[in-house]
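Some notes on the structure that comes next.
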Amino acid sequence: MASKTPARLSAMPFLTDKNNPVGYVVQGAYEFAQDSRRLVQRCTKPDAKEFKKIAVACAVGFAIMGFIGYTVKLVFIPINNIIVGGS
């Protein structure tokens, strides 16, 4: 992706050359900053309905994972006691 470089970077050609290690890092950081800026500009704050939907989905996920963990623990306690030979 060809991006416009600021004038202060083009004054030093080794900073804009991707074959140079310093230029590779500088150009990578510059492209990352441009992409991050574009992402933040496109992001929008969720409205109340969307936020509630996301919160409910997360709560259901937590409940399912908790139930699975509880069930696994409940099943493996007697199995562990049989293997270890409870005293």
Side-chain angles (χ1 to χ4, degrees):
M1 174 165 103
S3 61
K4 292 191 276 183
T5 56
R8 62 182 179 268
L9 285 182
S10 39
M12 295 179 264
F14 71 94
L15 290 178
T16 58
D17 182 18
K18 276 201 156 190
N19 294 325
N20 186 331
V22 175
Y24 183 79
V25 170
V26 169
Q27 285 299 309
Y30 182 75
E31 290 173 8
F32 176 75
Q34 291 294 98
D35 292 340
S36 299
R37 186 171 154 253
R38 192 176 311 120
L39 174 71
V40 169
Q41 286 176 343
R42 287 189 52 110
C43 289
T44 58
K45 191 173 181 179
D47 58 352
K49 183 179 179 183
E50 186 179 6
F51 180 78
K52 185 176 179 184
K53 187 185 243 184
I54 292 170
V56 167
C58 288
V60 168
F62 272 105
I64 289 172
M65 292 302 289
F67 179 75
I68 290 171
Y70 178 75
T71 305
V72 167
K73 190 73 170 174
L74 196 64
V75 167
F76 278 102
I77 287 175
I79 293 173
N80 192 25
N81 285 340
I82 292 170
I83 293 173
V84 173
S87 5

Can you tell me how far OH of Tyr30 sits from CG of Asp35, rounded to the nearest 0.5 angstrom? 11.0 Å
When rounded to the nearest 0.5 angstrom, what is the spacing between CZ in Arg37 and CD in Gln34? 6.0 Å
Running the 4.5 Å side-chain criterion over Ile, Leu, Val, Met, Phe, Trp and Tyr, what cluster does [X] land in, apart from itself?
X     : value
Phe62 : none
Tyr70 : Leu74
Phe67 : none

For Val25, all residues meeting side-chain contact (heavy atoms from CB on, under 4.5 Å), sequence neighbours excluded: none
Using side-chain contact (heavy atoms from CB on, under 4.5 Å) as the criterion, list what pairs up with Ile83, not counting sequence neighbours. Ile79
Would you say Phe32 and Leu39 are hydrophobically clustered, going by side-chain heavy atoms of ILVMFWY under 4.5 Å? no
Starting from Val75, can I reach Ile64 by hopping between I/L/V/M/F/W/Y residues whose side chains sit under 4.5 Å apart? yes
Cut-off 3.5 Å, no hydrogens considered: what does the side-chain donor-acceptor table look like for residues 42-59, sequence neighbours left out?
residue	atom	partner	partner atom	Å
Asp47	OD1	Glu50	N	3.1

